[in-house]
Amino acid sequence: QVHLVESGGGSVQAGGSLRLSCTASEYTLSDHCMTWFRQAAGKEREGVAGINKYGETLYADSMEGRVTIFRDNAKNTLDLQIFALKPDDTALYYCATRDDASCGPSWYRQETVTYWGQGTQVTVSS
């Protein structure tokens, strides 16, 4: 069982930025497809960004330009920087992974995920 732990969520005003972080023990993040998802109240979970073993990044069209996903292989961490936050970004953000080096074209679908973190809440006020 892979144990992913997110941190960095919180409350922020619209226009601000946040950096979320994910780490895992006994699991090398850089060997796998790693993704960030989010789920707002009453909505389906959706993919935000992904990065594969080779460092190639993927972004949801709705978020591109406002998020950056990056990985620190030495620290075994995965981060998501979100800029220009909007109230619509309010959601529980999840770190996720699958047992593949590549993310594939369906990376944004929750069905492709093997392991989930517990989530970290991001709340954006106007």
Using 0.5 Å steps for rounding, measure from the [atom1] atom of [X] to the [atom2] atom of [Y].
X: His3; Y: Glu26; atom1: NE2; atom2: CD; value: 11.0 Å
X: Leu58; Y: Thr35; atom1: CG; atom2: OG1; value: 9.5 Å
X: Cys33; Y: Lys53; atom1: SG; atom2: NZ; value: 13.0 Å
X: Gln13; Y: Ser125; atom1: CD; atom2: OG; value: 5.0 Å
X: Leu85; Y: Thr123; atom1: CG; atom2: OG1; value: 10.5 Å
X: Arg19; Y: Ser7; atom1: CZ; atom2: OG; value: 10.0 Å

- Query: Picking from Leu78, Asn52, Ile69, what satisfies side chain to side chain contact (heavy atoms under 4.5 Å, CB included) with Met34?
  - Reply: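 Result: among Leu78, Asn52, Ile69, Leu78 is the only option passing the side chain to side chain contact (heavy atoms under 4.5 Å, CB included) with Met34.
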- Of Thr120, Thr77, Asp72, Leu80, which is the lone residue that meets side chain to side chain contact (heavy atoms under 4.5 Å, CB included) with Ser21?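 So, applying the side chain to side chain contact (heavy atoms under 4.5 Å, CB included) to Ser21 and each of Thr120, Thr77, Asp72, Leu80, only Thr77 qualifies.
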- Could you go through the side-chain contact (heavy atoms from CB on, under 4.5 Å) check for Gln121 and Thr90 one step at a time? CA-CA 8 Å; Gln121 179 67 38; Thr90 295; 3.9 Å; yes
Which atom of [X] lies closest to which atom of [Y], heavy atoms considered:
X: Thr112; Y: Ser106; answer: CG2-O, 3.2 Å
X: Gly47; Y: Phe37; answer: N-CD2, 3.4 Å
X: Arg38; Y: Asp89; answer: NH1-OD1, 2.8 Å
X: Arg98; Y: Cys103; answer: NH1-O, 2.6 Å
X: Leu18; Y: Gly8; answer: CD2-O, 3.8 Å
X: Arg109; Y: Glu111; answer: NH2-OE2, 2.7 Å

How about [X] and [Y]: do any of their side-chain heavy atoms sit closer than 4.5 Å?
X: Leu20; Y: Ile82; value: yes
X: Thr68; Y: Tyr59; value: yes
X: Ser102; Y: Trp107; value: no
X: Glu6; Y: Tyr93; value: no
X: Arg45; Y: Trp116; value: yes

- Item | Pair Tyr94-Gln39, side-chain contact (heavy atoms from CB on, under 4.5 Å): steps then yes or no | CA-CA 8 Å; Tyr94 296 92; Gln39 187 167 20; 4.2 Å; yes
- Task: Measure the acute angle between the ring planes of Tyr27 and His32, then classify it against the limits of 30° and 60° as parallel, tilted or perpendicular.
- Result: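 Rings of Tyr27 and His32: parallel, as their planes differ by under 30°.
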- Message: With side-chain contact (heavy atoms from CB on, under 4.5 Å) as the criterion, how do Leu29 and Ile51 come out once you've worked through the C-alpha distance, each side chain's angles and the decisive distance to 0.1 Å?
- Response: CA-CA 10 Å; Leu29 304 186; Ile51 183 168; over 6 Å; no
- Return yes when atom CG of Asp99 has more than 12 non-hydrogen atoms of other residues, nucleotides or ligands closer than 6.0 Å, and no otherwise.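 Above 12, so yes.
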- Query: With the threshold set at 4.0 Å, does a side-chain nitrogen-carboxylate oxygen contact exist between Asp88 and Lys86?
  - Reply: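 No.
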- Message: Same cluster or not: Leu92 versus Val113, using hydrophobic residues (I, L, V, M, F, W, Y) connected whenever any side-chain heavy atoms lie under 4.5 Å apart?
- Response: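 In one cluster: yes.
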